[in-house]
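Read through the structure below, which is laid out as structure tokens, and then see the notes.
Every number for a ligand or one of its atoms is a count from 1 in the order of the listing.
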Amino acid sequence: MTEILRIAVQKKGRLADDSLRLLKQAGLAFFRNPGALSCRVQGLPIELLFVRDDDIPSLVTKGVCDLGIAGENVLSEYALQGGDAAELLTVRKLGFSRCTLRIASPKDGNIAQLSDLDGVKIATSYPEILRKFLENKNIKADIVSLAGAVEIAPALGLADVICDLVSSGATLAANGLVDFATVMKSQALLVQSTVSWSEEKQVLLARLLRRVDGVLASQSTKYIMLNAPKTAIEEITAILPGADAPTILPLAGSSDKIAIHAVCRETIFWDTLEQLEACGAQSILVLPIEKMMG
Ligand code: PRT
Ligand code: ZN
């Protein structure tokens, strides 16, 4: 009987859309019935499980799921709470759901730096990450654990400051809070169980990872095409960011101009396009790359 590889993804929330998009881009075709807690991938022995993000670390450590996609913040907190981190292996950093765990205080108060934290009450949903951070900094503060709505804690008198995830900063501003210290940076991780991997599953995982790598690589990679004077080839090649050896092609009906095509593995900013233009480049096109391999 074929063994099924199970992947735990967030059912609904800030990780859900990007997790499913990544799996789809990696060629996993599935139809998700609204409300269904799992679904089979067409043509591959893979099943997706839709769960709360907080359950992903334990599902993967116990081997109920072979892989999971969760935030570094949730995974670290689980590990520090005594969850067996040895049973979890980070296989890829996925680059989405980026946020920062920050310490913030009321904007008109007198707590504005780490050295002001001794003896204060800090509300957070990440008590163990915060405890470790405070220990490392030799700060003695009281930690108040809250499951959510942490930003309201100072206004309710539950705590003096908070330690919570920040992405745009809008929630802090809306609650009259100002952040002043970073506890950790987080992004989505693909984690793997270390419990019993049959050879069949290992082969499937290697195939899946190659595709995921292709998707991740294509996200930061662009294909650039331009026409330029023959005399500017060297200068232009030197400007192209992270380019492999470019392809130089003749241009029909022109003896002094050529076309340059290159795969650039770094972001191409407007500044670069302006520099290229200053070297005589014309008809510059920057194209997204959908998939990469090899
Ligand atoms: O229901 P379930 O338990 O699965 O979801 P959840 O409500 O616990 O988590 P969810 O979907 O909100 O977040 C999932 C993961 O996304 C988190 O564990 C982080 O890894 C990541 N992430 C990225 C964030 C944020 N950005 C974020 N901004 N998680 C939470 N927030 C919250 C933050 O707590 C604060 O309340 O958004 C608010 C701040 O946002 P800004 O944009 O105003 O700064
Ligand atoms: Zn959650």
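Closest N/O/S atom of Asp54 to the Zn ion (ligand 2): OD1. Looking at Asp53 and the Zn ion (ligand 2) together, the shortest N, O or S contact belongs to OD1.
Counting only N and O atoms by type, the side chains of Asp256 and Ser254 include a donor and acceptor under 3.5 Å apart. Side-chain contact annotation: Glu151 with Thr171, donor-acceptor N/O pair under 3.5 Å absent.
Between Leu101 and the options Ser186, Cys163, Ser76, a side chain to side chain contact (heavy atoms under 4.5 Å, CB included) holds for only Cys163.
For the pair Arg32 and Phe50, the distance from NZ or CZ to the six-membered ring centre is under 6.0 Å and the angle to the ring normal is within 45 degrees.
Using a distance-only test at 3.5 Å, with no hydrogens or angles considered, a donor-acceptor pair links the side chain of Asp116 to the main chain of Gln113. Under the 3.5 Å distance criterion, the side-chain polar atoms of Asp55 are left unmatched by any main-chain donor or acceptor of Val51.
Between Lys201 and Asp66 there is a salt bridge, with a side-chain nitrogen of the basic residue lying less than 4.0 Å from a carboxylate oxygen of the acidic one.
Among protein residues, Gln10, Lys12, Gly13, Arg14, Leu15, Arg52, Asp53, Asp54, Gly71, Asn73, Val74, Ser97, Arg98, Cys99, Glu151, Asp164, Leu165, Val166, Ser167, Ser168, Gly169, Ala170, Thr171 come within 4.0 Å of ligand 1, judged on heavy atoms.
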